[in-house]
Amino acid sequence: MASQGGTRQPKYQRIADALKTAIQAGEYGPGDRLPGENDLMAAYEVARMTARQALGVLQNEGLVEARKGAGVFVRAFRPLRRRGIQRLAQEQWGSGRSVWSTDTEDRELVVDRIDVREEEANGRISEALGVPAGTHVWARSRRFVLDGKPVLCATSYLPSDIVAASAITQVDTGPGGTYARLAELGHGPVHFREEIRSRMPSAGEAERLALALGTPVVQIVRTAFAEGGRVVEVNEMTLDSASYVLEYDFDA
């Protein structure tokens, strides 16, 4: 099948497209095993490398996952819909609800690998927070696991002169989380900015998120501003790209 530009698609891409169409049509459901390399070689009369590349395309797109010694299976995990605007509304965290409750609905969310510490801000963080390099900040690192699958690692940085001795420096920040505690301290966020980019993960990120080989991550850096424009939090988040749909819903 020729593309619109007249150039012929590579064989591995045509096989990948055929498998993708079969998945979307329900011929292979969540958890089902796809034809293996030998099956594809016979069905499409291609070399092993071509069959392997075709399956690799689906893995890179997050549609399937390889299980060592068992084959390639359609991902059973339902992507998480991250509602970027609704989740940060003051009525959400201001009423004691987690910003995550907008995304997860009734699914099981576990927060683990929690590390809360005071440290000196490096150049990147000091610039983002608008404080001199070496200024003490509180850092909150944690991993979010949904339905048993790691989906996000995040580290928040907050000025020590605001949050020291508050519940923000504890593992459990209480109802409504960090933003509710900031509001109680008189520094509640009134404006947010999120910067989003896609990249390949580091080895450490791939381990923490249990990423399949070749899976990119989405990096979101959120900055929270209090009244008057002071930055009260910088949150660096690394998301498994195959586990998320990023949704932004707003009026024209």
Side-chain angles (χ1 to χ4, degrees), residues 3-5 17 20-21 23-26 30 57-58 60-63 75 77-109 111 124-125 127-130 140 142 144 146-147 149 151-158 162 173 175-201 209 215-252:
S3 68
Q4 290 182 346
D17 288 347
K20 188 188 306 184
T21 298
I23 293 171
Q24 293 169 343
V57 168
L58 300 183
N60 291 342
E61 292 184 7
L63 293 174
R75 285 173 63 101
F77 182 83
R78 177 162 51 99
L80 180 65
R81 188 168 292 274
R82 183 183 189 273
R83 296 173 171 87
I85 295 176
Q86 294 92 326
R87 69 197 311 273
L88 294 174
Q90 184 173 353
E91 64 186 36
Q92 181 75 12
W93 49 264
S95 61
R97 296 194 300 271
S98 164
V99 296
W100 270 82
S101 62
T102 302
D103 305 337
T104 57
E105 299 170 343
D106 58 350
R107 301 169 70 180
E108 182 185 9
L109 175 70
V111 184
R124 184 184 76 257
I125 297 304
E127 182 179 355
L129 287 173
R140 298 182 52 83
R142 57 268 189 221
F144 296 82
L146 185 68
D147 295 343
K149 185 188 185 315
V151 295
L152 165 70
C153 291
T155 301
S156 294
Y157 299 91
L158 304 104
I162 291 179
T173 56
T178 295
Y179 295 149
R181 302 293 81 76
L182 283 171
E184 293 168 357
L185 293 169
H187 297 278
V190 297
H191 181 73
F192 296 97
R193 181 180 67 227
E194 288 193 341
E195 300 175 354
I196 302 173
R197 63 183 289 239
S198 180
R199 59 175 173 79
M200 297 306 296
L209 291 172
T215 303
V217 293
V218 174
Q219 180 176 323
I220 300 179
V221 179
R222 180 169 68 234
T223 306
F225 300 85
E227 196 72 51
R230 180 169 183 184
V231 176
V232 292
E233 183 212 33
V234 175
N235 189 352
E236 297 184 333
M237 295 164 274
T238 305
L239 292 66
D240 171 9
S241 64
S243 295
Y244 274 91
V245 174
L246 305 182
E247 177 183 297
Y248 293 89
D249 182 10
F250 46 86
D251 294 332

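All values derive from a computational prediction rather than experimental measurement.
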**Q.** 4.5 Å side-chain heavy-atom contact, S243 and L146
**A.** no
Q. What's the verdict on side-chain contact (heavy atoms from CB on, under 4.5 Å) for V245 and R82, showing C-alpha distance, side-chain angles and the deciding distance?
A. CA-CA 6 Å; V245 174; R82 183 183 189 273; over 6 Å; no
Q: Supply the atom-to-atom distance L209 CG to L239 CG, rounded to the nearest 0.5 angstrom.
A: 8.5 Å
**Q.** Non-hydrogen atoms of G84 and Y248 that approach each other most closely
**A.** CA-CE2, 3.8 Å
Q: Verify side-chain contact (heavy atoms from CB on, under 4.5 Å) between V221 and N235, making sure each step is shown before the conclusion.
A: CA-CA 6 Å; V221 179; N235 189 352; over 6 Å; no
Q | Stepwise side-chain contact (heavy atoms from CB on, under 4.5 Å) test for Y244 and L152 | A | CA-CA 10 Å; Y244 274 91; L152 165 70; 3.6 Å; yes
Q: Evaluate side-chain contact (heavy atoms from CB on, under 4.5 Å) for H187 paired with F225, printing each intermediate quantity in order.
A: CA-CA 9 Å; H187 297 278; F225 300 85; over 6 Å; no
Q: For the residue pair V217 and P201, establish whether any side-chain heavy-atom pair is separated by less than 4.5 Å.
A: yes
**Q.** Counterpart residues, side chain to side chain donor-acceptor pair (under 3.5 Å), relative to R181 (two or more places apart)
**A.** E184
Q: Indicate the atoms forming the closest heavy-atom contact of S198 with P216, along with that distance.
A: OG-CB, 4.2 Å
Q) Rounded to the nearest 0.5 Å, how far apart are CZ of F192 and CD of E233? A) 7.5 Å
Q | Distance, nearest 0.5 Å, that separates CG of L185 from OG1 of T178 | A | 10.5 Å
Q. Between NZ of K149 and CG of L80, what distance do you get to the nearest 0.5 Å?
A. 11.0 Å
Q. For E236, which of R124, Q219, R222 qualifies under side-chain hydrogen bond (donor to acceptor under 3.5 Å, both in side chains)?
A. R124
**Q.** V234 side chain reached by T155 side chain, heavy atoms, under 4.5 Å
**A.** no
**Q.** Neighbour count above 12 (heavy atom, 6.0 Å) for E247 CD
**A.** yes
Q) OG/S156 to CZ/R142 distance, rounded to the nearest 0.5 angstrom? A) 3.5 Å
(Q) Under a 3.5 Å threshold, yes or no: a donor from one side chain and an acceptor from the other, between T173 and R140? (A) no
Q: Measure the CG-CZ distance between L109 and F144 for me, rounded to the nearest 0.5 Å.
A: 7.0 Å
Q | Lys/Arg-Asp/Glu bridge criterion (N-O < 4.0 Å) met for R197, E195 | A | no
